**Q** 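What follows is a structure written as structure tokens; I'll ask about it next.
Note that the coordinates shown come from a computational prediction; the quantities given were computed from them, not determined experimentally.
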Amino acid sequence: MKYKITLNGKTYEVEVEAGQAMLVDEYEAYAPAKAAPAPAAAPAAPAAAPAPAAAPAAVAAGEVIKAPMPGNILKVNCAQGASVKAGDILVILEAMKMENEILAPRDGVVAQVVTTKGSVVDTGTPLVVLA
């Protein structure tokens, strides 16, 4: 196999056979000529203000259960209005090929399910709100 390698401005053509390397040719590399700068254009009209980003969904009052790490939501095991006990699995979050169970920290009622199956979340993203 032949390879061309540029090192410190010099280009080397190298041939490799059965684990042995042999220098075939050596020559100076050159950079392509720089293009002439484009003539200055007339000033353009001011750009319109960017549209505001979509506001995040409002989160109900209560204890917000947040994502402990970035990942994908594989399963949501609760629904709004459902009673949960401490230790119940609320959401399964996949991160780095591992399924992480997000548990209810206390007994309560699910006031709001903020996330959905298939969502991609960052650390600190609200998942569920307990009343």
**Q** Just verifying a value: how many Å separate K117 NZ and I92 CD1, rounded to the nearest 0.5 Å?
**A**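 Here the rounded value is 10.5 Å.
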
**Q** Give the intermediate values and the outcome of side-chain contact (heavy atoms from CB on, under 4.5 Å) for residues L127 and I102.
**A** CA-CA 9 Å; L127 303 174; I102 310 303; 4.1 Å; yes

**Q** Give the cluster check for V110 versus I65: same hydrophobic cluster or not, with ILVMFWY residues linked at side-chain heavy-atom distances below 4.5 Å.
**A** yes

**Q** Considering only distance and modelled atom types, tabulate donor-acceptor pairs under 3.5 Å from the side chains of residues 67-91, sequence neighbours left out.
**A**
residue: N72; atom: ND2; partner: E94; partner atom: OE1; Å: 3.2
residue: Q80; atom: NE2; partner: A111; partner atom: O; Å: 3.2
residue: D88; atom: OD2; partner: K85; partner atom: N; Å: 2.8

**Q** Mind checking whether V114 and V121 sit in one hydrophobic cluster, side chains of I, L, V, M, F, W, Y counted as touching below 4.5 Å?
**A**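 Different clusters: V114 never reaches V121 through Ile, Leu, Val, Met, Phe, Trp or Tyr contacts under 4.5 Å.
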
**Q** Please enumerate all residues that pass salt bridge (charged side-chain N to carboxylate O under 4.0 Å, His left out) together with E63, with sequence neighbours excluded.
**A**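 Here the qualifying residues are R106.
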
**Q** Tell me, which pairs form a side chain to side chain donor-acceptor pair (under 3.5 Å) where one or both residues lie in residues 120-130, sequence neighbours left out?
**A**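 Non-adjacent pairs meeting side chain to side chain donor-acceptor pair (under 3.5 Å): zero.
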
